[in-house]
> 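If you scroll down you'll find the structure; I have some questions about it.
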Amino acid sequence: MKKSLPRLTSLTLILCLAAAGLFYILYYIDNKYTTRADVSQDGVVSLLEPSDNSDDIAWLVEGWDFYPDQIIEPGETGDNAIHMYIGQFFSFSAFHSDGSPYGLGTYAITLHGTGIYSLLLPEVFCACRFYVNGELVSSSGSFSPYSPHVTDLIIPVEADGDTEILIQVMNYTHYYSGITYPPAIGSPEAISRLVTSRMIFYGFLCFTSLALALFSAAIWFGQKDRAGAAENRWLGILSLAFALHICYPFVRFFGVPVTEPLYALEDATAALVLLCVAKIISMQYSDTEFRLDRILTGISSGFVVICTIFPLFLLQKLPGFVPIYGQIVFWYKAVLSVLMLLLILSGCMLKPKVHTALLIPGLAFYAVSLTAHAVTLGSFEPARTGWFEEWGAYILVIFFAIRMAVVNISLIKENRHLNAHLQEEVLHKTQALSTLLDERRTLLASFAHDLKTPITSITTFTRLVELDNTGLDDEARQYLDTIRKKTREMQLQINYLSEFTRQDVSAASFLRLDLCSLVKEFYELNKPDIDVAGLDFQLSLPHLSPLYILGDRERLINVLQNLVYNAVSFTPENGVIRLTLRRSYPYAVIRVEDTGEGIEEECLPDVFNRYFTKRRDNSGQGLGLYIVKTIVMEHGGDVSVSSTPGEGSIFTVRLPLSESEQI
């Protein structure tokens with residue numbers, strides 16, 4: 001901690017100095033106030049002769065006469081004119097005792113030049129009329145009745161000597177009032193290039209932020225349940241909020257006819273940016289004792305609501321509070337950004353994280369940008385790019401995105417590393433399991449083989465004792481009969497054990513079989529036995545034969561034997577057993593249907609379970625249908641049963657057709 005403190009402090013100071021240097025350069029190369037038009041002693045603004053190939057633009061900063069709370073018509077003389085420069089007053093609140101920014105006023109200026117000019121009047125708050133030499137040439141919104149419409153106006157001005165410009169303004173909706181941003185004048189081509197360069201700058205910021213928001217959303221949707229997913233979500237919201245915040249030049253340029261919602265959008269998205277920053281920072285210390293991050297998150301959430309509700313519903317009803325609201329919004333952003341920067345610094349010292357340290361540059365630039373904005377208020381306005389705060393917010397978004405990219409790359413590398421080791425571990429476990437299964441198969445086969453000899457001997461000697469008939473009483477014969485039954489049960493269990501051992505082979509050994517031929521052969525071999533039992537054994541094969549599958553012949557015959565002879569056991573004399581084969585893409589479907597006693601509905605879920613039997617004499621072992629299910633699953637198929645008590649049962653086996661059969 002002691003070692004990281006000087007290092008982080010030095011890094012933060014360097015970043016702050018770098019940010020200050022950037023804004024210092026912007027102040028001198030992209031500032032309307034440093035390229036203002038010259039004003040003569042009598043207050044007339046001198047213009048250069050316009051040239052098609054020149055980018056010379058004069059900013060009408062000084063030389064204005066302002067008439068507060070007066071609408072001066074062309075040719076009239078107003079009272080109490082105030083000589084001012086644009087940016088000196090941001091609203092009408094300085095002229096009202098109650099501090100209200102609402103009201104009206106008139107701006108007048110005299111231009112001296114020769115030629116055809118274009119004058120760019122950026123967003124006037126909030127309704128205006130523009131006169132040139134007494135003639136109304138443009139307007140936005142309505143004075144009576146009052147209807148605000150904020151838009152950028154480009155007005156042609158034909159000058160031949162002195163030209164009088166008169167601008168009437170009215171505002172009852174916003175905390176800015178009148179002409180807040182200096183108009184630009186130059187040749188039509190120069191003004192067009194100015195507007196284009198400004199749109200390109202804001203378009204770059206807006207669309208790169210939108211692209212980042214979409215990218216973050218895609219990552220979030222792709223890994224909702226993984227670590228870091230929530231941060232991607234908040235980064236996406238952060239980028240989207242910033243993109244919406246800086247889209248206002250396009251709204252103003254195209255003259256979208258809404259006012260209060262746009263101002264509410266600007267304020268709310270600025271507050272939402274800080275909420276997203278607070279949420280991302282809070283996630284870095286979710287496993288610590290930090291509490292300040294949660295407090296900042298709560299304050300940020302509340303401020304988003306405030307910045308939405310006030311511009312929409314309350315500012316018009318509380319005119320005296322409007323200037324205070326504007327100051328609160330600005331200083332809230334400044335103070336919160338500094339607090340979050342300090343929070344990151346202290347967090348990095350307590351719990352150093354390389355990824356978290358990447359948040360420091362973005363917050364440093366953003367905090368310095370707000371400070372620079374406050375220091376240069378009234379003396380700086382960007383000509384072709386953006387405000388200091390917009391630069392700082394964009395750099396903040398970029399550094400947060402870089403940090404998230406580094407985190408995602410680290411997660412991808414870690415996942416690849418884990419997957420590589422996981423594959424090795426799976427291969428190792430698979431080999432060990434295969435060895436174990438081979439050993440088990442060998443052991444079981446040997447065990448079953450070794451047991452057959454003593455079981456056979458017991459059966460033989462029991463039979464010899466019975467045939468010899470040497471002094472056997474009824475009780476002795478009963479004992480011998482019990483031994484014979486138990487021996488038969490043991491022999492049956494050993495046969496099942498041998499069957500499972502024989503089935504435990506790889507599916508890779510399956511061969512291509514014609515299921516039609518196999519079913520037909522089974523039917524012909526077993527029909528005589530079933531006929532002897534007094535049952536009608538029927539067969540139905542598909543018209544389009546053969547049907548090819550990949551499988552093991554002996555095991556599939558075992559399936560048919562278990563299903564058919566199971567039906568024989570539960571079907572009374574003169575009953576019917578139907579064996580059906582059909583094609584249902586992409587499966588071959590075998591059905592064994594009987595007219596037996598059926599199965600109760602509550603027993604259906606258990607019929608394929610091991611040791612489940614419904615034989616009343618308890619002669620079954622409950623393994624036949626279990627073996628059927630096991631073999632069918634090994635072949636990639638499934639087996640099901642439906643039954644109606646007293647009417648019979650239907651067992652359905654579905655086996656996947658071979659690839660050549662599916663085509």
Side-chain angles (χ1 to χ4, degrees), residues 430 433-434 437-438 440-442 444-445 448 495-531 535-569 576-594 607-608 610 623-642 649-663:
T430 302
L433 182 59
S434 179
L437 290 175
D438 290 339
R440 188 201 72 170
R441 185 162 48 248
T442 303
L444 290 177
N495 289 337
Y496 281 126
L497 182 61
S498 299
E499 177 65 26
F500 275 112
T501 303
R502 186 163 56 85
Q503 290 174 10
D504 194 10
V505 294
S506 172
S509 63
F510 288 172
L511 300 176
R512 192 165 181 261
L513 303 173
D514 177 11
L515 201 56
C516 287
S517 298
L518 187 146
V519 171
K520 185 177 180 181
E521 180 182 344
F522 172 82
Y523 172 78
E524 292 174 349
L525 289 174
N526 291 273
K527 179 173 173 54
D529 294 337
I530 298 176
D531 287 344
L535 301 175
D536 182 12
F537 191 24
Q538 301 175 0
L539 174 66
S540 175
L541 295 176
H543 298 295
L544 298 176
S545 59
L547 291 181
Y548 288 104
I549 66 167
L550 292 177
D552 183 275
R553 179 183 181 83
E554 298 301 323
R555 280 189 276 177
L556 291 175
I557 289 177
N558 196 351
V559 168
L560 295 174
Q561 286 177 335
N562 276 289
L563 291 177
V564 170
Y565 283 96
N566 190 68
V568 170
S569 300
V576 178
I577 297 177
R578 297 183 185 90
L579 176 59
T580 305
L581 174 64
R582 61 185 177 85
R583 186 177 189 269
S584 178
Y585 179 83
Y587 295 99
V589 180
I590 301 173
R591 294 179 62 184
V592 177
E593 182 177 358
D594 64 63
V607 295
F608 296 105
R610 186 184 302 180
L623 291 174
L625 293 180
Y626 174 73
I627 291 175
V628 168
K629 183 182 75 170
T630 303
I631 296 174
V632 171
M633 291 179 63
E634 287 176 351
H635 283 73
D638 60 76
V639 58
S640 60
V641 60
S642 62
S649 303
I650 301 175
F651 286 83
T652 304
V653 174
R654 299 197 312 162
L655 298 171
L657 296 166
S658 67
E659 293 182 1
S660 60
E661 184 71 22
Q662 294 181 29
I663 296 174

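Computed from heavy atoms alone, side chains included, the values below leave out hydrogens, waters and symmetry copies.
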> If you measure from CG on Leu550 to CG on Leu655, what distance do you get to the nearest 0.5 Å?
11.0 Å
> Could you check whether any side-chain heavy atom of Leu657 comes within less than 4.5 Å of a side-chain heavy atom of Arg583, counting everything from C-beta outward?
yes
> To the closest 0.5 Å, what do you measure between CD1 (Ile577) and CG (Leu539)?
13.0 Å
> Where do Ala567 and Asp594 come nearest, in terms of heavy atoms and distance?
CB-OD2, 3.6 Å
> Given side chains that start at C-beta, do those of Leu563 and Leu625 come closer than 4.5 Å, heavy atoms only?
yes
> Before giving the answer on side chain to side chain contact (heavy atoms under 4.5 Å, CB included), spell out for Leu556 and His635 the whole-Å C-alpha distance, their side-chain angles and the decisive distance to 0.1 Å.
CA-CA 9 Å; Leu556 291 175; His635 283 73; 3.9 Å; yes
> Would a 4.5 Å heavy-atom cut-off, applied to side chains only, mark Pro542 and Leu581 as touching?
yes
> Just checking, any donor-acceptor pair under 3.5 angstrom between side chains of Tyr587 and Asp638?
no
> Which pair of heavy atoms, one from Val632 and one from Arg654, lies closest together, and at what distance?
CG1-O, 4.2 Å
> Taking the side chain as everything from C-beta on, heavy atoms only, tell me whether Val564 gets closer than 4.5 Å to Phe522.
yes
> Any chance you could lay out the side chain to side chain contact (heavy atoms under 4.5 Å, CB included) test for Leu579 and Ile590, step after step, and finish with the verdict?
CA-CA 7 Å; Leu579 176 59; Ile590 301 173; 4.0 Å; yes
> A side-chain contact here means heavy atoms from C-beta on lying under 4.5 Å apart; do Pro546 and Ser517 qualify?
no
> As an exercise, state the distance from CG of Asn526 to CG of Leu560, rounded to the nearest 0.5 Å.
8.5 Å
> With under 30° as parallel and over 60° as perpendicular, where do the rings of Tyr523 and Phe537 fit, or are they tilted in between?
tilted
> Has Asn558 got a side-chain atom pairing as donor or acceptor with Glu554's backbone, closer than 3.5 angstrom?
no
> Is the count of non-hydrogen atoms from other residues, nucleotides or ligands lying under 6.0 Å from Lys527 atom NZ greater than 12?
yes
> CD1/Ile557 to CZ/Arg553 distance, rounded to the nearest 0.5 angstrom?
4.5 Å
> Rounded to the nearest 0.5 Å, how far apart are CZ of Arg555 and CD of Gln561?
14.5 Å
> Would you compute the distance between atom CG of Leu513 and atom OH of Tyr548 and round it to the nearest 0.5 angstrom?
10.0 Å
